[in-house]
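Read the structure below first, then the notes.
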Amino acid sequence: MAKVLTSREENYAQWYNDLVIKADLAENSSVRGCMVIKPHGYAIWEKMQAVLDSMFKETGHSNAYFPLFIPKSFLSKEADHVEGFAKECAVVTHYRLKNRADGKGIEVDETAKLEEELIIRPTSETIIWNTYKNWIQSYRDLPLLINQWANVVRWEMRTRLFLRTTEFLWQEGHTAHETREEAIEETMKILNIYAEFAKSWMAMPVIQGTKTENERFAGAIETYSIEALMQDGKALQSGTSHFLGQNFAKAFDVTFLNKHGKLEHVWATSWGVSTRLMGALIMAHSDDRGLVLPPKLAPIQVVIVPIYKKTEELTQINEKVETIRKKLIAEGISVKYDNRDTHKPGWKFADYELKGVPVRLAVGPRDIENNSVELARRDTLEKKIYPMDGIEQIIKDLLHEIQNNIYRKALDFQTRNTFAADSYDEFKEIVKTSGGFILAHWDGTSETEEKINKETKATIRCIPLNQQSEPGKCMVTGKPSSQRVIFAKAY
RNA sequence: CGGGGUGUGGCGCAGUUGGCUAGCGCACUUGCAUGGGGUGCAAGGGGUCGGAAGUUCGAGUCUUCUCACCCCGACCA
């Protein structure tokens, strides 16, 4: 078999890049740091969107759309927020071009300078809160539960396809509530949705937790995240949910009259997941042959490949396949029948493996004779012959089994790569040799966190939720600590 | 912004101390055979060698300038 990808062992980063390109998910564009998401990659993103969107709607959220441009003055209204984002904003300063005097191309028309520059949104809190101000007068207007699907721009110094690009796609939820408790409840509700989505759809186990002050969203009181472990032992923050307190309400003067006729600032949340999830999905399950997709997010769940010599054979196969195809569709399974004569079966096998199609069904003359089909599953690469009758049920079960199996595998990987370190030396050794999640005691100070980061490159991914308190001593300073936190090297 | 590297058909690359018609693999086109794991053979199409200036009888190759991209760090979802 021709080798198409760099192996993970050889060079993990290169493997990832190769895979994204060769599986036709995305490519670098002529704009530095920005990617073109290709049809196959976009189809997966659309599936993710559809599922998440329905989860948001089931919990009472509505979609809306706010502008791409944000007046510069808005950004500076919340002090922490501007500090966090100012360094990576693209700015629109002019609104017109003109032909150059020498006739060679066009240039910015300096006379068309904007009175106030516009920022291309790195996130939409400011424009949204500026708008909400007019929407909210009374407790009867609350809660306000809005989500938007959008693109944002953050001028990053270094980019990687899906994991960090200058422009990326995401959803951002922005909600307003009467009380602190209600806003916190919303923050947690969304965090749970993200975790549930990761687990049940992406087949990716995640750890939920709160971020330390250093890692907190600019302008938030508390940031919660889901953290996933990639196959190279590095962590990937895969979604965040923020409790914003009254920070933005105060900055944009968003108030409401409560039931007792008293004016109060609203309580806010914001939360998001991005096309970075694509990177997580790729790195969670894929192997040296290519992408491995969880059936529930695979644009094509079953591909059918005919094997034939003569056209009469193909005609026969076409007929058989048509009945199979109909049965599968009736079961709600997405099927592609690839009977192109321009590519050989072997080529197609390799190609669909590269693209991560969970199940491949091959039908050849031998199968026609025996009334059988060959099924190959992408996750284990196992091949087996089955009778053609009742194949739809077998495939349905198989898709289920694959979904469960890749989750089990990912969970097992996470478990095997989660360690407890009781001394700083032990900690350093684990970071250096195996990577993974490391549970350790920390004294709760930014200084210690930064020291550890500087010395080991590992950061605190989160302070895990739902963990029993286990008093101990900080591995660096020896000061008391009430529970272990999760460290890892991160993307 | 520092350090390193690369620019030669669509992609990946070779091209020696300057030398004559710029080459190889993949991909592409056509034909024939083939078809249960990236098919074989044959014939073909496609290149201002990143750009500009210079040295020279002659530049992909040497000099100067310039542009772009990639990788490694500091910033971040």
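So that the names make sense, note that chain A is the first sequence line, chain B the second, and so on, each numbered from 1.
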Quiz item: Does A:Phe349 have its ring centroid less than 6.0 Å away from the ring centroid of A:Trp347?
Solution: no

Self-check item: Qualifying residue for side chain to side chain donor-acceptor pair (under 3.5 Å) with A:Thr223, from A:Lys211, A:Arg216, A:His242
Solution: A:His242

Quiz item: What's the NZ-C1' distance between A:Lys489 and B:C76, to the nearest Å?
Solution: 18 Å

Quiz item: Is A:Arg289 reaching over with its side chain to a backbone N or O of A:Leu354, donor-acceptor style, under 3.5 angstrom?
Solution: no

Practice problem: Give the ring-plane orientation class for A:Trp267 versus A:Phe243, where under 30° counts as parallel, over 60° as perpendicular and anything between as tilted. | Solution: parallel

Quiz prompt | Per A:Glu88 side chain, nearest of listed nucleotides B:A74, B:C76, B:U34 | solution = B:C76

Quiz item: When we call it a touch if two heavy atoms are under 4.0 Å apart, what does A:Asn11 touch: a base, just sugar-phosphate, or nothing?
Solution: nothing

Quiz prompt | Those residues of residues 307-314 of chain A lying under 4.0 Å from RNA chain B by at least one heavy atom | solution = A:Ile307, A:Tyr308, A:Lys309

Exercise. Tell me whether the centres of the aromatic rings in A:Phe437 and A:Phe487 are closer together than 6.0 Å.
Key: no

Quiz item: Can you tell which of B:A77, B:G37, B:G35 lies closest to the side chain of A:Ser274?
Solution: B:A77

Quiz item: When we call it a touch if two heavy atoms are under 4.0 Å apart, what does A:Glu156 touch: a base, just sugar-phosphate, or nothing?
Solution: base

Exercise. To the nearest Å, give me how far apart CH2 (A:Trp347) and C1' (B:G36) are.
Key: 18 Å

Practice problem: Examine distances only and state if a side-chain atom of A:Ser225 and a backbone atom of A:Glu227 form a donor-acceptor pair shorter than 3.5 Å. | Solution: no

Practice problem: Scan residues 364-387 of chain A against RNA chain B and write down, sorted by residue number, each residue with any heavy atom closer than 4.0 Å; if none is found, say none. | Solution: A:Gly364, A:Pro365, A:Arg366, A:Asp367, A:Glu374, A:Lys383

Exercise. Please check if atom CD in A:Glu9 has more than 12 non-hydrogen atoms from other residues, nucleotides or ligands closer than 6.0 Å.
Key: no

Practice problem: Could you check how far OH of A:Tyr491 sits from P of B:C76, rounded to whole Å? | Solution: 19 Å

Practice problem: Report the distance from atom CG of A:Asn28 to atom C1' of B:C70, rounded to the nearest whole Å. | Solution: 9 Å

Self-check item: Sidechain N-carboxylate O distance under 4.0 Å for A:Arg378, A:Asp287
Solution: yes

Quiz item: When you measure from the side chain of A:Ser54 to the backbone N and O of A:Val51, does any donor-acceptor pair fall under 3.5 Å?
Solution: yes

Practice problem: Apply side-chain hydrogen bond (donor to acceptor under 3.5 Å, both in side chains) to the pair A:Asp232 and A:Tyr16, showing each step before the final yes or no. | Solution: CA-CA 11 Å; A:Asp232 61 348; A:Tyr16 175 83; over 6 Å; no

Exercise. Taking atom P in both B:A59 and B:C1, compute the distance separating them and give it to the nearest angstrom.
Key: 36 Å

Practice problem: Fill in the dot-bracket string of RNA chain B, one character per base: . for unpaired, | for a pair to another strand, ( ) or [ ] for pairs within the strand, taking Watson-Crick or G-U pairs under 3.5 Å. | Solution: (((((((..((((.....[...)))).((((((.....)))))).....(((((..]....))))))))))))....

Self-check item: P spacing across the pair B:G25 / B:G44, given as an integer number of angstrom
Solution: 14 Å

Exercise. Nearest whole angstrom, please: distance from the P of B:G73 to the CG of A:Asn453.
Key: 13 Å

Quiz prompt | Donor-acceptor under 3.5 Å (A:Ser286 side chain, A:Val292 main chain) | solution = yes

Self-check item: Pairwise P distance for B:G23 and B:U39, with rounding to whole Å
Solution: 28 Å

Quiz item: Looking only at atom P, what distance separates B:C69 and B:C11, rounded to whole Å?
Solution: 16 Å

Quiz item: How about A:Phe74 and A:Phe69: are their ring centres within less than 6.0 Å of each other?
Solution: no

List every contact pair, protein side and nucleotides 6-13 of chain B side both N or O, where the distance is under 3.5 Å.
none

Quiz item: Does A:Arg360 get its side chain close enough to the base of B:G37, under 3.5 Å, for a donor-acceptor pair?
Solution: yes

Quiz prompt | Contact nearer the 5' end of RNA chain B, comparing A:Phe349 with A:Ser238 | solution = A:Phe349

Practice problem: With sequence neighbours excluded, tell me which residues meet side chain to side chain donor-acceptor pair (under 3.5 Å) with A:Tyr194. | Solution: A:Gln171

Exercise. Map A:Gly346 and A:Gly239 onto RNA chain B by nearest heavy atom, then report which one ends up closer to the 5' terminus.
Key: A:Gly346

Exercise. Take atom P in B:C62 and the same atom in B:A14, then report the distance between them in whole Å.
Key: 15 Å

Quiz item: Nearest-Å distance, NE2 (A:His343) to P (B:G37)?
Solution: 18 Å

Practice problem: For A:Lys22 and B:C26, give me the distance from atom NZ to atom P, rounded to whole Å. | Solution: 15 Å

Quiz item: Expressed as a whole number of Å, how far does the P atom of B:C71 sit from that of B:A52?
Solution: 28 Å

Practice problem: Could you work out the separation of B:U64 and B:U21 based on their P atoms and round it to a whole Å? | Solution: 28 Å

Practice problem: Ignoring backbone atoms, establish whether A:Arg32 has a side-chain N or O less than 4.0 Å from OP1 or OP2 of B:C69. | Solution: yes

Practice problem: Could you work out the separation of B:U8 and B:G38 based on their C1' atoms and round it to a whole Å? | Solution: 28 Å

Practice problem: Give the C-alpha distance, both sets of side-chain angles, the deciding distance and a yes or no for salt bridge (Lys or Arg N to Asp or Glu O under 4.0 Å) between A:Glu27 and A:Lys38. | Solution: CA-CA 7 Å; A:Glu27 62 186 31; A:Lys38 298 185 76 175; 3.7 Å; yes

Quiz prompt | Length of the OH-P vector between A:Tyr352 and B:G38, whole Å | solution = 17 Å

Quiz item: So with a 6.0 Å cut-off around CD of A:Glu83, is the heavy-atom count from everything else above 12?
Solution: no

Quiz item: More than 12 non-hydrogen atoms from neighbouring residues, nucleotides or ligands closer than 6.0 Å to CD on A:Glu107, yes or no?
Solution: yes

Quiz prompt | Proximity to RNA chain B (any heavy atom under 4.0 Å), residues of residues 159-176 of chain A only | solution = A:Leu163, A:Arg164, A:Thr165, A:Phe168

Practice problem: When you get a sec, tell me which of B:G35, B:A77, B:G37 is the closest nucleotide to the side chain of A:Asp341? | Solution: B:G35

Quiz item: Have A:Thr6 and A:Glu10 got a donor and an acceptor in their side chains that come within less than 3.5 Å?
Solution: no

Quiz item: Is the centre of the A:His81 ring less than 6.0 Å from the centre of the A:Phe248 ring?
Solution: yes

